[in-house]
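Structure first, then comments.
Per chain, numbering begins at 1; letters A, B, ... match sequence-line order.
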2 protein chains.
Amino acid sequence: MSTAEDTAGGETSAWGEVTPDAARRLLIAAVEAFAERGYHATTTRDIAGRAGMSPAALYIHYKTKEELLHRISRIGHEKALDILRTAARGEGTPAERLAGAVGSFVRWHAGGRTTARVVQYELDSLGPDARAEILALRRQCDAEVRGIIEDGVAAGDFDVLDVKGTTLAVLSLCIDVARWFNVSGPWTPDEVGALYADLVLRMVGAK
Amino acid sequence: MSTAEDTAGGETSAWGEVTPDAARRLLIAAVEAFAERGYHATTTRDIAGRAGMSPAALYIHYKTKEELLHRISRIGHEKALDILRTAARGEGTPAERLAGAVGSFVRWHAGGRTTARVVQYELDSLGPDARAEILALRRQCDAEVRGIIEDGVAAGDFDVLDVKGTTLAVLSLCIDVARWFNVSGPWTPDEVGALYADLVLRMVGAK
DNA sequence: GCCCCAGGTGAGCGGGCGCTTAGCGCGCGG
DNA sequence: CCGCGCGCTAAGCGCCCGCTCACCTGGGGC
């Protein structure tokens with residue numbers, strides 16, 4: 001069920017689309033630094049240092065520090081949307097599709113906690129235009145999950161009081177995994193994914 | 001069910017214990033600024049300006065900017081623990097106590113979103129000693145919720161696969177309300193509290 | 001009426017920030 | 001074998017940060 005990109009220890013394999021190599025190394029360094037300290041507490045000197053380059057090298061590949069965050073955020077959200085879309089549009093009953101979506105979404109947040117943390121929690125550091133672009137992707141994520149729940153309700157498989165509110169709660173539960181999950185803690189990403197899939201099926205009253 | 005302190009519009013009534021008046025105004029200004037921009041993006045000049053004072057005035061009442069965050073975080077966590085403890089140790093069945101705890105905890109996060117945001121999401125900006133102190137309070141919050149769930153399981157009222165994991169998920173769900181709740185959105189704090197109480201009872205398989 | 005001092009201000013220090021610029025070295029076409 | 005341009009660095013600019021300090025002020029005790 002898990003694929004290499006979301007449980008790989010290095011957590012750097014998802015950035016293959018970023019070229020050239022120096023730009024990718026800077027971006028990976030930025031992800032690590034932002035996740036550890038937060039965007040505003042991270043300096044461009046720190047990012048460049050982690051990538052083994054001088055501070056000025058950053059500005060050959062990126063116009064500003066904010067552009068780095070924007071690129072990270074967009075790629076990350078596209079990956080998240082891809083995960084949900086694949087699960088939502090797959091085969092199976094609504095319950096199976098919802099469990100699959102939650103399971104893989106949670107595994108991505110837990111296994112790629114470093115990336116997910118930046119993607120989910122540093123949104124407010126973006127400027128208005130970039131933030132608006134990212135929020136559009138988030139609304140699409142919301143729509144995919146709501147679609148599964150609506151299917152389940154329509155088929156009589158789910159028992160939900162408030163579809164919109166429950167959708168929000170399900171996504172909220174998954175996203176917050178990036179805040180608390182600890183790689184050296186008692187659970188593996190797979191275990192949390194399985195536990196959460198079960199909890200979400202209960203939340204929607206799956207038969 | 002709601003009390004004045006957690007749904008009051010001004011959201012400034014919980015800081016009565018902070019004296020003198022100038023110190024309280026600075027602290028409230030800091031809460032607002034930290035919630036809006038985050039700790040690292042907030043300047044001491046901004047905090048002092050919101051309180052109607054000169055930048056230097058801050059240092060008469062607080063040793064550093066970090067001490068402000070520490071005081072806010074400690075008072076906020078004590079309030080959160082108080083809410084959970086009151087609900088956990090009240091009368092009623094485990095289901096009633098769990099619904100009450102989740103309802104009031106969520107109302108606090110939604111109604112006092114400004115405060116809750118700082119309390120729940122700016123923890124990493126604290127130094128090691130202060131963070132350790134706050135983490136101890138968080139473990140007590142965790143213990144209160146776990147206690148209710150264990151009571152329900154022991155009484156045969158709940159059906160839970162993993163008590164520790166479910167406790168974490170319940171708290172995670174409540175805490176994340178501070179991230180997404182919008183005062184001008186479609187729900188009131190009371191409505192979210194009621195919806196979440198229902199969702200959590202489903203998560204623990206309450207009869 | 002006078003002093004005192006807690007609580008406040010205005011100005012500014014040292015430093016680190018995001019970002020720029022002048023110039024270096026090296027692989028490659030001619 | 002030259003020279004040119006791309007990718008990078010060393011140095012540093014201007015700014016604003018957290019924080020300090022010398023000074024001011026107005027209301028209470030004697």
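Side-chain nitrogen and oxygen atoms of B:His61 include at least one within less than 4.0 Å of the OP1 or OP2 phosphate oxygen of C:dG8. For the OP1/OP2 pair of D:dG18 and a distance below 4.0 Å, the side-chain nitrogens and oxygens of B:Thr44 include at least one atom meeting the criterion. OP1 or OP2 of D:dT20 has not a single side-chain nitrogen or oxygen of B:Tyr59 nearer than 4.0 Å.
Nearest-nucleotide assignment on DNA chain D puts the 5′-proximal partner with A:Arg45, out of B:Pro55 and A:Arg45.
For the pair A:Asp46 CG and C:dC17 P, the interatomic distance rounds to 9 Å; values are reported in whole Å. Atom CG in A:Leu26 sits about 12 Å away from atom C1' in D:dG7, given to the nearest Å. B:Tyr62 has its OH atom 13 Å from the P atom of C:dG7, to the nearest Å. Taking atom CG of A:Leu58 as the reference point, atom P of C:dT21 lies 16 Å away to the nearest angstrom. A:Arg24 has its CZ atom 15 Å from the P atom of D:dG7, to the nearest Å. Straight-line distance from the CD atom of A:Glu67 to the P atom of C:dC19: 10 Å, rounded to whole Å. One can place CD1 of A:Ile47 at 10 Å from P of C:dC19, the figure rounded to the nearest angstrom. Computed from coordinates, the B:Ile60 CD1 to D:dA22 C1' distance equals 13 Å when rounded to whole Å.
Among the nucleotides C:dC19, C:dT9, C:dC17, the one closest to any side-chain atom of A:Thr43 is C:dC17. With D:dC19, C:dG8, D:dG18 as the candidates, the nucleotide lying closest to the side chain of B:Ala22 is C:dG8. The side chain of A:Ala56 approaches D:dA10 more closely than any other nucleotide in the set D:dA10, C:dT9, D:dG7.
A salt bridge does not link B:Arg85 with B:Asp82: every distance from a Lys NZ or Arg NE/NH1/NH2 to an Asp or Glu carboxylate oxygen is 4.0 Å or more. Taking the charged nitrogens against the carboxylate oxygens, B:Asp46 and B:Arg37 do have a contact shorter than 4.0 Å, which makes a salt bridge.
In summary, of the residues considered (A:Arg146, A:Arg138, A:Arg139), a side-chain hydrogen bond (donor to acceptor under 3.5 Å, both in side chains) with A:Asp142 occurs for A:Arg146 alone.
In this structure, CZ on B:Phe34 lies 4.0 Å from CD1 on B:Ile47, to the nearest 0.5 angstrom.
Between the side chains of B:His77 and B:Gln140, no donor-acceptor pair is found at a separation under 3.5 Å.
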